[in-house]
Visitor: 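Below is the structure I would like to discuss, written out as structure tokens.
Order of appearance sets the numbers: ligands from 1, and atoms from 1 within every ligand. In this text the structure is predicted, and so the values were computed from the model without any measurement. FYI, the numbering just counts along the sequence from 1.
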Amino acid sequence: MTKVVHKFGGSSLSSAARYQAVAQIVLGQCLAGDCVVVSAAGKTTNTLVKLWQSYKQDDNQGFSDILLQLENHQSELIAALFVGHNRSDLLAQLDNELQTITEQAKHGVLHEATLLAHGELWSARVLAYLLTQLGFAAQHVDARQLFTLHNGQLLHQQNKQACKELLQANALFVVTGFIASDVEHQTVTLGRNGSDYSATLLANYLDADAVSIWTDTQGVFSTDPRKVASAIKYPKVCRSQAHLLARLGNPVLHAKTLSPLKNTKIKLQVRSSFDVEASPTEIVKEGYSKAKRFITTFEDLDLIRVDALRQGEVGELSQLIQHSIHHFIAQGECYILVPAAHTHEVLQALSGRANIVESALQGFAVVAAPSDVAQLQVQATQLLNEQNVVVRFLHSDDEYVLFLTDQAIDSDVLAILHDKLVNKGRELAVIIAGLGNVGEVFVAQCQRQVAHLKQQFDVKVVALVRSGKMLFSASGIAIDTWKQQWQNEAVDYANSELIERIGELDYEHKVVIDITASEAFSHLYPQFIKQDCHLISANKYAGTADNTWYQNLREQLTERNLFWRYNTSVGAGLPINFALADLQHSGDKITQIDGVFSGTLSWLCSSFDGSTAFSELVVQAQAMGYTEPDPREDLSGRDMQRKLLILARDIGLTLDLEDIALQPLMPEDMAQGSWDEFLTRREQLDAFYAEQYQQAKAQNQVLRYTGSLSIDEQGKVSAKVGIAFVAKDSAIAHLTPGDNIFVIKSIWYESNPLVLQGPGAGKEVTAAGIHSDLYWLTQRLK
Ligand code: ASP
Ligand code: MG
């Protein structure tokens with residue numbers, strides 16, 4: 001079975017040394033059963049075109065000169081690469097063919113495509129011989145036996161069959177690019193530069209895994225690297241952008257190349273045969289890479305308005321002039337951009353249906369993510385103004401904007417445009433998991449916040465994840481319409497798929513923001529880290545996981561230079577984490593943290609005055625969305641125990657949950673059973689609470705649920721969460737229902753502690769706290 005189709009273009013075969021280099025690549029990269037597709041060596045096709053022209057013009061002298069030129073080129077290649085009977089064999093075949101050409105020309109029966117086909121026939125044969133000579137048995141194959149067209153349409157079924165029959169496994173086939181045959185067995189070509197298309201077609205027919213296009217550039221660049229030194233080589237470009245670039249005449253990939261890959265999983269790589277070590281550009285399926293920015297230039301074009309274009313007519317016209325033609329519709333009118341040298345031919349073909357709007361145009365197109373095009377148009381217009389470049393025609397579409405100018409865009413201007421429009425700031429991809437109360441608000445706040453961060457950082461929300469479904473868009477999800485997109489496009493996913501998609505994101509930085517309350521989701525953190533994601537958690541599970549796992553996670557983060565923020569897992573948006581970090585970084589030593597770290601328990605204890613049963617308050621709190629779905633999560637004290645553990649770890653202690661004593665705010669036996677059963681026994685809870693309340697009162701104190709952590713002089717740690725009776729005039733006693741309070745003692749804040757107080761729950765403040773983490777992260781990444 002063919003795994004990979006390797007295609008080598010003319011420039012890769014431009015000399016004997018290049019043939020040797022290609023042979024080495026094939027030896028190193030190919031297995032028997034792979035296929036190689038070749039173009040004509042160097043500029044051979046151009047020379048053959050000239051030969052045809054001199055024949056048509058009855059220029060006998062010219063004809064024999066050009067033929068001699070071809071003969072010399074081929075025989076020099078053969079002489080440089082072969083000895084013995086390989087050499088004589090190849091020279092004899094060449095001689096035979098050249099004689100036939102001469103004969104046919106003499107009798108006036110030369111056929112254009114058959115003549116042009118020689119370029120590919122020669123290069124396939126020479127390469128196959130060379131590989132065989134180097135010990136890798138290879139067969140050259142004439143693609144006219146594989147690809148048949150009828151009325152210009154490829155006969156896919158028949159071709160597939162032919163490919164499968166003729167290219168049986170266990171040999172290496174070197175197939176001619178560019179050429180095919182019609183049903184009458186006449187040679188036809190697939191258009192200039194058609195060999196890439198031959199390669200992708202062959203891959204399709206053979207169900208190959210991948211196509212490698214070996215060329216003279218290292219891949220797909222943001223702009224022409226020969227003109228702009230800072231051009232960026234992109235590791236990944238998605239198919240639609242590659243196709244658009246081809247339609248705009250960018251030479252790296254040709255318009256038809258991608259079509260056989262549609263609806264297949266065949267991978268496509270563009271890589272350099274001159275620098276095998278250089279990493280390639282991969283052309284990936286839609287959505288598997290973010291949209292990139294490109295500037296592609298034009299020279300000497302005419303803008304032609306056409307009455308109407310038939311389907312396929314642009315393809316026919318570009319076949320006619322052997323050059324790509326860009327077409328677009330603007331204000332309901334159909335336009336084509338034609339190389340000025342071919343305008344006459346095109347106008348003739350369109351006989352009266354077209355007229356020239358502007359001639360001798362230069363210019364460029366900026367290709368970008370749809371969300372960026374409008375802004376880039378404004379910027380480019382301004383830059384052109386500053387450079388005194390006059391725009392004669394402007395057209396913008398979803399994915400690009402086209403500037404047609406008087407002046408050629410020289411390297412200097414191109415470099416400025418590139419610098420300002422393409423080399424944008426750093427990028428951060430954001431994956432948001434959990435779209436509950438807080439998650440929804442967080443996403444809503446993103447709209448403003450992302451715009452704010454944009455001044456320094458290009459932040460894109462690329463994925464939304466919620467209970468087994470995800471919405472993924474590598475180029476970014478439009479935040480204002482995410483709900484609609486979620487409805488239409490969210491899909492079920494398995495964890496492995498989520499990880500894979502995240503792994504494929506080609507952003508400089510990525511962050512997973514976990515706003516779920518799911519322990520299972522926190523178990524994925526190590527895998528996110530492997531994909532080089534920073535982490536932001538509102539979720540408390542990872543921060544309170546067992547110490548070995550937790551320390552391991554920290555080590556992995558450090559190893560990869562990644563950050564983990566979890567500001568909101570304690571005290572919602574309150575900056576407790578900043579306070580603790582600051583004290584420690586400035587040389588203080590924290591000796592004690594006391595307080596109320598649960599908004600729910602704060603509300604319950606502060607609201608209770610004996611007039612309403614405690615269980616009634618619990619039910620009210622639940623209805624207001626203050627509690628966990630099962631309020632016993634709060635009443636058990638577990639939630640506060642987790643928060644105290646996070647604080648403890650933040651000040652450098654290696655505790656586990658069990659090291660924090662826990663006294664629930666309910667009778668212990670009520671932890672069992674369902675919530676409804678719990679409610680049938682609510683008097684038991686009320687009695688429990690009332691008794692504690694009275695006891696506190698008898699001591700002239702008030703009942704609160706608090707956490708406490710202290711480190712004595714010997715470094716011994718004691719930590720607990722539970723019911724506490726506190727003095728009526730203490731800060732804890734005066735807490736506004738729902739607020740959290742942190743009372744921090746340290747060497748500097750010994751007798752008069754540092755107190756931090758405020759809302760410790762609520763979707764707005766929590767979501768804002770997560771934004772604080774995101775902002776912090778972007779500041780660190782700069
Ligand atoms: N040799 C042909 C040409 O020059 C086909 C190709 O290079 O892809 O157009
Ligand atoms: Mg070529």
Visitor: Would you mind running through ligand 1 and noting each atom that sits below 4.0 Å from a heavy atom of A40?
Guide: 1 (N)
Visitor: Report the residues that fulfil salt bridge (charged side-chain N to carboxylate O under 4.0 Å, His left out) with E313, sequence neighbours left out, ordered by chain and then residue number.
Guide: R310, R353
Visitor: Can a salt bridge be assigned to the pair K7 and D196 using a cut-off of 4.0 Å between side-chain N and carboxylate O?
Guide: yes
Visitor: Which of the atoms in ligand 1, numbered in the order shown and given with their element, are less than 4.0 Å from a heavy-atom of T45?
Guide: 1 (N), 2 (C), 3 (C), 4 (O)
Visitor: Q24: what forms a side-chain contact (heavy atoms from CB on, under 4.5 Å) with it, not counting sequence neighbours?
Guide: L27, L134
Visitor: Quick check on contacts: which atoms of ligand 1 are under 4.0 angstrom from a heavy atom of R192?
Guide: 3 (C), 4 (O), 9 (O)
Visitor: With a 4.0 Å cut-off on N to O distance, would you call D207 and K164 a salt bridge?
Guide: yes
Visitor: Using distance alone, determine whether D196 and ligand 1 share an N or O pair under 3.5 Å.
Guide: no
Visitor: Check the orientation of F364 and F403. Use parallel for under 30°, tilted for 30 to 60°, and perpendicular for over 60°.
Guide: parallel
Visitor: Quick check with a 6.0 Å cut-off and a 45 degree axis cone: is R18 positioned over the face of F274's six-membered ring?
Guide: yes
Visitor: As an exercise, identify every atom of ligand 1 less than 4.0 angstrom from a heavy atom of S195.
Guide: 5 (C), 6 (C), 8 (O)
Visitor: Quick check on G9 - does any of its heavy atoms sit under 4.0 Å from an atom of ligand 1?
Guide: no
Visitor: S39 heavy atoms, cut-off 4.0 Å: which ligand 1 atoms fall inside?
Guide: 6 (C), 7 (O), 8 (O)
Visitor: For ligand 1, which atoms have a heavy atom of E120 less than 4.0 angstrom away?
Guide: 1 (N), 2 (C), 5 (C)
